Every structure is written in structure tokens, then in C-alpha cells.
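Following: one structure in C-alpha cells, then a few remarks.
Numbered from 1 within each chain, the chains take letters A, B, ... in sequence-line order. What you are looking at is a predicted structure, and each value in this text was computed from that prediction instead of being measured.
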Amino acid sequence: MVPMEDKNFIRRIIEEDLKNNKHERPITRFPPEPNGLLHLGHARAIIMNYVLAKDYGGKFYLRFDDTNPITEDTLFIEGIKRDVAWLGCEWDELRYASNYFERMYELAMHLVRQGKAYVDDLSAEQIREYRGDLKTPGKESPYRERSIEENIDLFRRMRAGEFADGEKVLRAKIDMASPNMNLRDPVIYRIQHTPHHNTGEAWCIYPMYDFAHPLEDAIEGITHSLCSLEFENHRPIYNWFVEHTEVENQPRQIEFGKLKIADQVIGKRNIRKLVEAGIVDGWDDPRLITLSGLRRRGVPPAAIHDFIRALGLPKSEGETELSMLDEYIRDHLKTSARRIHAVLDPIKVVITNYPEGQSETLSAAYNRENEALGSRELTFSDTLYIEREDFLEEKPNKKWKRLSLGLEVRLMHAYFIKAERVEYDDEGRVETIYATYDPRTKSGSGFKERKPNGTIHYVDARTARPAEFRLYQDLMLDTDEQRPITERVDADSKQVRHGFIESGVDIQERERFQFVRHGYFVADDDSEKNRPVFNRTVALKSSFKPKK
RNA sequence: UGGGCUAUAGCCAAGUGGUUAAGGCAUCGGACUUUGACUCCGACACCGGUGGUUCGAAUCCACCUAGCCCAGCCA
């Protein structure tokens, strides 16, 4: 699975612009509002902005669009920075829209002086009524024709804090009859006596998105301002402000389709409900596709890059299945992760013909596909653990490639063993399997006289390390948006197993492993010295279809 | 007839008048296998519909259908 070069229409636009010397190099930006956490959907905007700039020798900025003090929080700023950095999209500059408040005010005043903006005394409700609706044109505000002098004076006094919240707004004078609702004299400044995380008490008026965004882009010299499709209707205003404020740079807004992932909980409100209901373990729960959740799940950022690039940058909006990401994750971990033995649900095996109390070590490569990862010593003794699901007293069908009574399997990297009899516990469950091993079948010996009924993995019970395994399944049960989120979710989507991993493997912080025959796992921060905890990142693919 | 946009397989997506209509995911076969993994081989599209232009249309035109976005002093 080789990720192809992404072809997309924006790439073509940039190449065209460079060819025509419209720009020396592209400058792009990712402009989040610090009012929430980032999820996989944002990864498209982050990575594409980054890649498109970097591929053409340009620059990429991270800019916080912090123009609304009542919804924003510095906590999110740190979270967003961490997530963008985790994706490896190193920003050339970190910017804040709020650093341009003074300049924006001047530009608004410029509009006022040109007679292109006016102070409106209408209430919010009145403005809504005057705006008309989708099919009827709006009416002009009675304050629309105030003199320029009066507007200048009023706007100054708005800034000076002479008015209460909502008492007045500054509006662009465009066209109340426009079929594009956004052009019906959009509000560009509102009064908000709220301290700002960055500017503190310096301002009581704050610019609106439609006004602020194009100017932020222009001030920073952004060449290609990428945003999602819902802003297509805003492009005319974007251009209107760029033109009429007469800013030096003329950024170009280009819209692309948002990345949506099928069957995932993504809304802030919904996630909060699940967190509060205790169904998930926080915003970084591995079942969530928040970037922090993906990180905790062990997803390599490079896999997200490949996934995003493979999807390209379309103008259509669909829902991508997460299985596609899973495949990129496996692809990255396939050769990079050490592959070791873990038994998640152990059952004891006693080797009756192995010298009691004795043990031996067997050398095993960490990853046959990547010798650079080296090898380790596995121990073998008369008492082992194998996976409970790898044993069935009677072979159920001829496809069964695991252990059964009277059958012989290979223990990976060790010997063939043959199950002879079992002992049950009080509940009738198999407690111990008694087996014999054949010393001639030692791994690497080239023994060919018999074919085992499959290969399974094991750990040596005498040396195995206890470990906790957290297995995650799809959180979402159904996508009926009418029903409350807490009912649409699988409360059992997280399963915790207590088992063992082989001894002697040094586990680095957040290291990713392949647990042979199970899948890819990452060491969780909850790990303790004597009890590592692993999250399953993604299971191995399997063509095994149990039939009943 | 408010305006803007989108439509290629179960999912994503190339394709910009001449191709057997890329590729990935998923699925289904098969080979190989000390991971039922990996790898390898094979299968899998009447391009939303209908007409038209053209020697030739997924690509151009017309009409139609379906879906998305817009009536925050949110972004």
C-alpha cells in the first residue's frame, strides 16, 4: 500500500499561481478557534495546509482565530498546539487574530470614512427582521444613511465603551437585497464587555468572522486561504473586505469538502455527554477520534498523514470509513513495531515430558520483516500459558488450525506440543491442559517429519509478566441522530483483559508493539513498573471466519 | 426559477473530448506461511437520469432528479 501523491485542484491552483509569478511561494494557515479540541476531521485542514505550503517551499502558520472572548479558552490553545505538533505539522509562525485588533479597527474605520460601513442602532431581533429571508429581500435599516461624521463618532464611542452590549453594531454597507444573505449588510463589530484571554480588558468591541478573517489572511500575507465548503457563500464578502479595506495583500479563499468519518461520535456536546455519563474515559478516550484519542490509541501520526493524502482534497462531501485509516496504521506499524508474545486470556499448559523445574531460552527475532529490530530471548519451561481461544477439546472442523486433544501445534519460536488431556475447574471450565513436547521439533531445527496443526503463541508461565490489555470496539451502535447519544453507544466497547506478556522485553514509554496474532498495541500512560497497560491500536486482519 | 455547491462501485477517490474508466479501503476466491498476519495472484463500474452536440462524451450543452450550505451581534 503505497500512498500516492495526492492530486487535488488546490495543488493545481498553487502551481498555476507560482508559474504566473503571482506569488513567490505559498503561505497557508490553519486557523482554529480555540473553543474545542481537534479531531480527525481537522487533520485534513491541518495536514493539507501544511503539505501544500511545504511542497512548494512556502510557509505554514498556526493562527488562533480568537475573535470571540465568550467562547474561547486558553486551555484549548494549549491542546490545539499539542495536537498540531503531534501531527508533525510544524508551524513557521504562531499567530493570534487578537494581535491584529488595532489594525482591524483602523481598517473598519477606513470603511466608515469611505461611507462603506455604518453604525446601526437596531436590536438583534430587528436586524434579523430587516434582513428578510431566503426568498424575500431585506429592508434597509433606518440608520443606514447616517453621515460619515456621525458614524466615525459613534464607532469611536463604541470602542470607548460608551454603550452596552448589543446597543449598537457596526455594519458593512453592501446590499440588503442580495440573494446571498451574507451580503445583506453583515455585522462586522459587536459590543462585548468581556475580557479576552489575550487582550484582557483592552477591547469591548470585537470583529466578526466575515470581517476579521480575510483581514487576518491579508495581514499575514496568506496566499491561499483554505476553508471548508460552507464558506463558499462567504467568499463574496471575503473579497469585498479585501477590496474595500484596500489591504496590501490579496489572499484568495478556496473551499474544499470537510472530511467526515462514518459512524463516529464527533460533536463536542455529544462527547461531553459521554464523558459525563462515564461511558468514555475522557476526551482522549481511544474510542474517540479526537486527535488526543487517536494518540492515546497509539495511532502513528504518519499513518494519519498517509490517510489524509490518500483521500485528497475533493469538493464533494462523503463519509469515509475508518477501516481505511486502520489499514494505514497497520502499514506503518508492520515493520516498525517489535512483535512479541502476549496472552490476553490465559489457560495453563503443563508439559508432562519436560524436566520439571528446568527451563531454557530460545532466541527469537523481534520482526522478521525488519532485522534491525534485533532479537530477544524467549523462555520455555514445563508450565506455559496459551490463549484460551486457541484450545478446543475437539477439533471443530478441518479449518481449525489450533490446539485440540490429540493434535499437535507449533508453539511459535519453540516446540511442537501435543495436547493429551485436560483438567477442569469447579465450573467445568478447562483449567489445565496436559501436553507433551517433542524436543526434535525445536524452532529453527528444520524438522520436517510432521506438519503441525497450526502455529500458536505462548508465554512461559514461570517468567511471564502480568499485564493489562484494553480492547476497543466501535463506540457507535447506530447513527439515528434522533436518539440520545448515550443510547446509541456501546457501553461494552471497551474490554479489559488481564493476562501476560513475555518476560525480558524492555517497554519504552508509549511504545507500540505487535502482539503476535492479536494486533498492534501501545503502552498506555497508566502503565506501572510491574504491570504494564496496553491499548489495542488496531487488530490484525483476519480471514478466519468461525462457523457454527 | 431566492442564491451557492455537489453527484464516478458498499466506502473514499483519479479522470479536464479519443484510456481496457487509475488507485486505496471493504468484500469474495486462490497461492504462500513458524502470526488464520504479511506478501503474491485473481474477481469486483452500464460514470445520478433523459435528451442533444460530436467521427468520438464521465468529460461540452439543455432539461430533470437527489443531497449539502446560507436568514448568529458564532466561527
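Residues A/K541 and A/P207 each lie close to RNA chain B; by heavy-atom proximity, the contact nearer the 5' end of the strand is made by A/K541. Comparing A/N367 and A/R12 by the nucleotide of RNA chain B whose heavy atom lies nearest to each, the residue mapping closer to the 5' end is A/R12.
Among the atoms of the strands shown, base atoms are found under 4.0 Å from some heavy atom of A/R339. Contacts of A/G257 with the nucleic acid, taken as non-hydrogen atoms under 4.0 Å apart, are absent. Nucleic acid contact class of A/G166 (heavy atoms, under 4.0 Å, all strands): base. Contacts of A/H413 with the nucleic acid, taken as non-hydrogen atoms under 4.0 Å apart, include base atoms. Here A/R235 lies out of heavy-atom contact (under 4.0 Å) with every strand. Looking at heavy-atom distances under 4.0 Å, A/E319 makes contact with sugar-phosphate atoms alone, never a base. Across all strands, A/V169 comes closer than 4.0 Å to base atoms (heavy-atom distances). Note on A/D65: only backbone sugar-phosphate atoms sit closer than 4.0 angstrom, heavy atoms only; bases stay farther off. Nucleic acid contact for A/E317: sugar-phosphate only, since backbone atoms but no base atoms lie under 4.0 Å from a heavy atom of the residue. A/T67 comes within contact range of the sugar-phosphate backbone alone, with a heavy-atom separation under 4.0 Å but no base atom that close. Across all strands, A/L122 comes closer than 4.0 Å to base atoms (heavy-atom distances). The residue A/H518 sits apart from the nucleic acid: no heavy atom pair falls under 4.0 Å. Contact annotation for A/Y189: no contact, since no heavy-atom pair falls under 4.0 Å across all strands.
Side-chain proximity of A/S316 to B/rC74, B/rA13, B/rA26: nearest is B/rA13. Nearest to the side chain of A/E369, among B/rA37, B/rG4, B/rC12, sits B/rA37. Closest approach to the A/K334 side chain among B/rC12, B/rG2, B/rU39 is made by B/rU39 (side chain taken as heavy atoms from C-beta onward). Comparing atom distances between the A/K401 side chain and each of B/rG36, B/rG3, B/rC73 picks out B/rG36 as nearest. Of the candidate nucleotides B/rG36, B/rA14, B/rG2, B/rG2 has the atom nearest to the side chain of A/P179. In this structure, the nucleotide among B/rG2, B/rC73, B/rU35 sitting nearest to the side chain of A/Q514 is B/rU35. Proximity note for A/E33 (side chain, C-beta onward) versus B/rC5, B/rC73, B/rA75: the nearest is B/rA75. Of the candidate nucleotides B/rC12, B/rG2, B/rU34, B/rC12 has the atom nearest to the side chain of A/L311. The A/M324 side chain lies nearest to B/rC25 when the options are B/rG3, B/rC25, B/rC70. Of the listed nucleotides (B/rU35, B/rG15, B/rU34), B/rG15 has the atom at the smallest distance from the side chain of A/K7.
Between A/S323 and B/rC11 there is no side-chain polar atom (N or O) within less than 4.0 angstrom of OP1 or OP2. At B/rC74, one or more side-chain N or O atoms of A/R190 fall inside 4.0 Å of OP1 or OP2 (strictly under the cut-off).
When the P atom of B/rA13 is taken as reference, atom CD of A/E321 falls 12 Å away, rounded to whole Å. A/R184 places its CZ atom 13 Å from the P atom of B/rG2, with the value rounded to the nearest Å. Rounded to an integer number of Å, the gap from A/K260 NZ to B/rU6 P is 15 Å. B/rG24 atom C1' lies 14 Å from atom NE2 of A/H332, rounded to whole Å. In this structure, the CD1 atom of A/I205 is 14 Å from the P atom of B/rC74, given to the nearest Å.
Taking the ring-ring contact (aromatic ring centres under 6.0 Å, His included) definition, one finds that A/F515 meets it with A/F469, A/F521, A/F534, sequence neighbours left out. Scored by the ring-ring contact (aromatic ring centres under 6.0 Å, His included) test, A/F500 finds A/Y385 as partners (sequence neighbours excluded). Considering only residues two or more places apart in sequence or on other chains, A/H234 meets the ring-ring contact (aromatic ring centres under 6.0 Å, His included) condition with A/F231. For A/R171, the side-chain hydrogen bond (donor to acceptor under 3.5 Å, both in side chains) partners are A/D120, not counting sequence neighbours.
Against the 90° criterion about 0, the sugar-base torsion of B/rG72 places it in the syn range.
At a non-hydrogen distance threshold of 4.0 Å, A/I127, A/R128, A/R131, A/G132, A/D133, A/L134, A/K135 from residues 127-137 of chain A come into contact with RNA chain B.
Salt bridge A/E387/A/R517: absent, no basic N to carboxylate O contact under 4.0 Å. Comment: A/K418 does not engage A/D438 in a salt bridge, judged by the lack of any side-chain N to carboxylate O separation of less than 4.0 angstrom. Between A/E216 and A/R29, none of the side-chain N atoms (NZ, or NE/NH1/NH2) sits under 4.0 Å from a carboxylate O, so this pair counts as no salt bridge.
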Item checked: Contact pattern, 5' to 3', of nucleotides 43-48 of chain B - B, S or - by protein heavy atom under 4.0 Å -> ------
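Between the side chains of A/D460 and A/T379, at least one donor N or O sits under 3.5 Å from an acceptor N or O. A/D185 and A/Y130 are not linked by any side-chain donor-acceptor pair at a separation below 3.5 angstrom, with hydrogens and angles left out of the test.
At a threshold of 4.5 Å between non-hydrogen side-chain atoms, the residues A/Y520 and A/K334 count as touching.
By the 5.5 angstrom centroid cut-off and the 30-degree plane limit, A/Y209 is classified as not stacked against the base of B/rA75.
Each of A/Y189, A/Y206, A/Y96 was scored for a ring pair (Phe, Tyr, Trp, His ring centres under 6.0 Å) with A/F101, with one residue passing: A/Y206.
Spacing of C1' atoms, B/rU59 relative to B/rC47, comes out at 10 Å, to the nearest Å.
Both tests hold for A/R159 against A/Y105: distance to the six-membered ring centre under 6.0 Å, angle to the ring axis within 45°.
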